[in-house]
Q: 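Structure incoming, see below.
Computed from a prediction, not measured in an experiment: that's the story for all the values here. Start at 1 and go down the list; that is how both ligands and their atoms are numbered.
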Amino acid sequence: MNPMNSKPTLSLATAALLLAGTPAMLAADAAENWTKHCGSCHGADGTAKTKAGRMAGAKDLTDGPYQKQFTDEQILQRLKDGVTDKGKEKMKPFKSVLSDEELKALVAKVRTFAK
Ligand code: HEC
C-alpha cells in the first residue's frame, strides 16, 4: 500500500462510518426509551404491575386481545397526543419528547409484549 494514500483513505472511511452511525446515535434505542419513558407505568414487561401503572389505570400490554383493539397507527397517535379520560391526563403526550422514529420503534416494542 502506498503510505501517501493511506491517510485520506482512512479519513474518508471514518467520515462514512460517522455518517452511517448518525441516526442510531441521535435516537436512543427502543429498549432504553421504554425503560426511561414508559416502564414506570407499563412495567419492564408491559404488564403495568407498577404503582404508577395502577394509579394511572394502565392496562396489561401482554394481553393479546387487548392489543388487537388498536392498530399501529392508533398507538402512534396516542403516544404523540397522549391519552385523556374525562379531561384527566392518563398518559402524557410524547411528541415533544421523542421523535417519530423513536415512537415507531416503541410501537414495535409494544407489539413484542402481546401473547
Ligand atoms: C403515567 C403513566 C404512563 C406512562 C409513563 C406511559 N403510559 Fe401508556 N398508557 C397509560 C394509560 C393510563 C393508558 C390507557 C389505558 C386505557 O385506559 O386504555 C396507556 C395506554 C397505552 C397503550 C395502549 C394503546 C392505546 O391506544 O390506548 C400503549 C400501547 C401505551 N400506553 C404505550 C406507552 C408507551 C410506548 C409509553 C412510553 C413512551 C407509555 N405508554 C407511557 C399510562 C402510561
Q: Mind checking whether atom 8 (Fe) of ligand 1 has an N, O or S of H42 under 2.8 Å?
A: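 Yes, H42 qualifies, because one of its backbone or side-chain N, O or S atoms lies under 2.8 Å.
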Q: Tell me which protein heavy atom sits closest to atom 12 (C) of ligand 1, plus the residue, atom name and distance to 0.1 Å.
A: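 Protein heavy atom at minimum distance: A56 O, 3.2 Å.
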Q: Between atom CE of M55 and atom NZ of K51, what is the distance when rounded to the nearest 0.5 Å?
A: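 Those atoms lie 6.5 Å apart.
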Q: Under 4.0 Å from any heavy atom of F70, which atoms of ligand 1 are there?
A: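 Taking each heavy atom of F70 in turn, ligand 1 has 23 (C), 24 (C), 25 (C), 26 (O) under 4.0 Å.
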Q: Should you measure from each heavy atom of I75, which atoms of ligand 1 turn up under 4.0 Å away?
A: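 So the atoms of ligand 1 that pass are 29 (C).
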Q: Would S40 count as a polar contact of ligand 1, with the cut-off being nitrogen or oxygen pairs under 3.5 Å?
A: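 The answer is no, given that S40 and ligand 1 share no N or O pair closer than 3.5 Å.
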Q: If I take atom NZ from residue K104 and atom OG from residue S99, how far apart are they, to the nearest 0.5 angstrom?
A: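 Answer for the NZ-OG pair, K104 versus S99, is 9.0 Å.
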Q: Below 4.0 Å from ligand 1: does a non-hydrogen atom of G57 turn up there or not?
A: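 Under 4.0 Å: yes for G57.
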Q: If you measure from NZ on K109 to CG on L61, what distance do you get to the nearest 0.5 Å?
A: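 So the gap between those two atoms works out to 11.0 Å.
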Q: Looking only at protein heavy atoms, identify the closest one to atom 6 (C) of ligand 1 and say how far it is in Å.
A: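 Checking every protein heavy atom, the shortest distance to atom 6 (C) of ligand 1 gives M91 SD, 3.3 Å.
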Q: Of all the atoms in ligand 1, which lie at a distance below 4.0 Å from a heavy atom belonging to V110?
A: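 Matching atoms, with element in brackets: 29 (C).
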Q: What protein heavy atom is closest to atom 17 (O) of ligand 1, reported as residue, atom name and distance in Å?
A: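 Among all protein heavy atoms, the one nearest atom 17 (O) of ligand 1 is K90 NZ, 2.8 Å.
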Q: Once you restrict to heavy atoms under 4.0 Å, what part of V107 touches ligand 1? Side chain, backbone, both or neither.
A: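 Within the 4.0 Å criterion, V107 makes no contact with ligand 1.
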Q: Hey, is R78 touching ligand 1 through its side chain, its backbone, both or neither, going by heavy atoms under 4.0 Å?
A: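 Side chain only; the backbone of R78 stays clear of ligand 1.
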Q: Scan M91, K92, K95 and name whichever one has a side chain to side chain contact (heavy atoms under 4.5 Å, CB included) with D81.
A: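 By the side chain to side chain contact (heavy atoms under 4.5 Å, CB included) criterion, D81 pairs with just one of M91, K92, K95: K95.
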Q: Which residue holds the protein heavy atom closest to atom 36 (C) of ligand 1, what is that atom called, and what is the gap in Å?
A: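 Its nearest protein heavy-atom neighbour is C38 SG, 2.8 Å.
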Q: Looking only at distances, please establish whether an N/O atom of ligand 1 is found under 3.5 Å from an N/O atom of K59.
A: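 Such a contact does occur with ligand 1.
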Q: Can you tell me how far NE2 of H37 sits from CG of L103, rounded to the nearest 0.5 angstrom?
A: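 So the CG of L103 and the NE2 of H37 are separated by 9.5 Å.
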Q: Can you tell me which residue and heavy atom of the protein come closest to atom 14 (C) of ligand 1, and the distance to 0.1 Å?
A: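 Answer, as residue, atom name and distance: V83 CG1, 4.2 Å.
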Q: Quick one: are I75 and R111 in side-chain contact, heavy atoms under 4.5 Å?
A: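 Counting from C-beta outward, I75 and R111 do come under 4.5 Å.
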Q: Just verifying a value: how many Å separate K36 NZ and N33 CG, rounded to the nearest 0.5 Å?
A: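 CG of N33 is found 6.5 Å from NZ of K36.
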Q: Are L79 and V107 side-chain neighbours, meaning at least one heavy-atom pair lies under 4.5 Å?
A: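 Yes - at least one pair of side-chain heavy atoms lies under 4.5 Å apart.
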Q: To the nearest 0.1 Å, how far is atom 28 (C) of ligand 1 from its closest protein heavy atom, and which atom is that?
A: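 Protein heavy atom with the smallest distance to atom 28 (C) of ligand 1: L61 CD2, 4.1 Å.
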Q: Quick test: of every protein heavy atom, which one is nearest to atom 13 (C) of ligand 1, and how far off is it to 0.1 Å?
A: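 Ranked first by proximity to atom 13 (C) of ligand 1 is A58 CA, 4.3 Å.
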Q: Which ligand 1 atoms, with their elements, are less than 4.0 angstrom from a heavy-atom of W34?
A: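 So the answer, numbered in order with elements, is 34 (C), 35 (C).
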Q: Are V97 and E102 packed together at the side-chain level, in the sense that at least one heavy-atom pair is separated by less than 4.5 angstrom?
A: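 A side-chain contact under 4.5 Å is absent here.
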Q: Taking 4.0 Å as the limit for heavy-atom contacts, which would you say applies to Y66 with ligand 1: side chain only, backbone only, both, or neither?
A: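 Looking at Y66 and ligand 1, just side chain atoms fall under 4.0 Å.
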Q: How far apart are the closest heavy atoms of A58 and C41, and which atoms are they?
A: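 Answer, listing the atom of A58 first, then C41: CB-O, 4.3 Å.
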Q: Is any side-chain heavy atom of T47 less than 4.5 Å from a side-chain heavy atom of F113?
A: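 The answer is no; the side chains never approach within 4.5 Å.
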Q: Could you tell me the residue and atom name of the protein heavy atom closest to atom 3 (C) of ligand 1, and the distance to it rounded to 0.1 Å?
A: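 For this ligand atom, the closest protein heavy atom is C41 SG, 2.7 Å.
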Q: Below the 3.5 angstrom mark, is there an N/O of H37, backbone or side chain, next to an N/O of ligand 1?
A: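 No.
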Q: Between K80 and D100 (salt bridge meaning N to carboxylate O under 4.0 Å), is one present in this structure?
A: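 The answer is yes: the pair qualifies as a salt bridge.
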